[in-house]
Amino acid sequence: MGLEHIGGRRDEPDPRGFLNAWVDETLAHSDDWFVTTPADDYVLHRTENGASGGRVLTFTSQIVSPWPKNNLVHARFFRARASGPAVVLLPNWNAKWHGQLNLCRWLNALGITVLRLSLPYHDMRVAPEHERADQLVGSNIGLTLQATRQAITDTRRCLRWLEQQGYTRLGLVGTSIGSAVGSITIAHDPAVRAGAFLHVSTYFADAVRTGMATMHVWEGLRSKVTEDELRRYWTPVSPVPYMHRLSETGQRLLMVGGRYDPTFWYEFTDEMFRKLRGQGIRLETLVLPCGHYSLELAPFAFPAGLRLGLFLFEALA
């Protein structure tokens, strides 16, 4: 189960008992679990591929994973202005280094600076002998928990760097698993004014178990844990337990979903909408007649991109 990645033992005699106690403790003290300090080795490297390619920021991750290569964080920096609004962009699972650059440039055109984070085990952070980020979403329960926590603390270190550069109006943009990471981050970081999230779901385990792109992960787990057990064990990296923290902060959310999404089922997206509205959170929604991957294609990309850009322009003004 990978309990050594969350403070347990590889040969824990009662892994279920350990996980149940660990989940309760982590949820009760999530501020401590996600606490983040600024990095002391931020380096902004030379421009890549000309002025339009963005500069590359590197720093050491706060979480020490078993793969040193993964512990050096990379993020692409697209500066619109020397100060003012800025967002950390959190891409989808297995996104490529050059993914979502048009979104970065669209936000730049609106005067919003973008720092696009490469998630753990992606791009230059991929583990040796791996081609995909199977550690971030995989059948090792403890490693998936550690990797998602790492994504959240990496995001917060990006926010701290933006503050050091003079950006005072901060937001988050997330897609798919990036939305889960962003939702948990905004609930624990009051410096974030707004979050715009494409494809959202309630519980990490339910999205993985039912999603077309992740069903193989569930196949590797279903002989070891039940659906309810997996939902509980991965609750600390699910958005739902933390969203109530936004009810009185004034932080704003935009959530965009696809009604025919086979990866994040719409029933989970709609459940998220209802839960947030029931808690009085400042939520705007947009639902388009598309799926998980068609949202980034014409014609759906145009209304989604327009709504996202205008939302951030207003929320971070």
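Just so you know, these numbers use all the heavy atoms, side chains as well, and skip hydrogens, waters and symmetry mates.
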Practice problem: Please name the residue in the list Val88, Leu90, Ile112, Leu103 that meets the side chain to side chain contact (heavy atoms under 4.5 Å, CB included) test with Val173. | Solution: Leu103
Ignoring hydrogens and geometry beyond distance, is a side-chain donor-acceptor pair present between [X] and [Y] at under 3.5 Å?
X      : Y      : answer
His98  : Arg76  : yes
Ser65  : Gln146 : no
Glu229 : Asn20  : no
Arg157 : Thr60  : no
His188 : Ser30  : yes
Gln150 : Ser61  : yes
Thr214 : Arg209 : no

Quiz item: To the nearest 0.5 Å, what is the distance between OG1 (Thr202) and CZ (Phe264)?
Solution: 9.5 Å
Exercise. Evaluate the criterion side-chain contact (heavy atoms from CB on, under 4.5 Å) for residue pair Ile141 and Leu230; output intermediate values, then yes/no.
Key: CA-CA 8 Å; Ile141 292 173; Leu230 187 61; 4.2 Å; yes
Quiz item: Which is it for Arg160 and Asp189 under the side-chain contact (heavy atoms from CB on, under 4.5 Å) test, yes or no, and what are the steps along the way?
Solution: CA-CA 10 Å; Arg160 302 291 81 80; Asp189 201 313; 2.8 Å; yes
Self-check item: Minimum-distance pair of heavy atoms, taken over all atoms of Ala298 and Phe302
Solution: CB-CE1, 3.5 Å
Exercise. Might you work through the side-chain contact (heavy atoms from CB on, under 4.5 Å) test for His130 and Gln135, ending with a clear yes or no?
Key: CA-CA 10 Å; His130 284 76; Gln135 296 83 1; 3.3 Å; yes
Quiz item: Does Arg259 make a cation-pi contact with Tyr266, if we ask for NZ or CZ under 6.0 Å from the ring centre and within 45° of the axis?
Solution: yes
Exercise. Using the side-chain contact (heavy atoms from CB on, under 4.5 Å) rule, take Phe59 and His74 through it: C-alpha gap first, then chi angles, then the decisive distance, then the call.
Key: CA-CA 7 Å; Phe59 59 89; His74 290 71; over 6 Å; no
Quiz item: Can you name the one residue among Asp261, Asn92, Thr269 that meets side chain to side chain donor-acceptor pair (under 3.5 Å) with His199?
Solution: Asp261
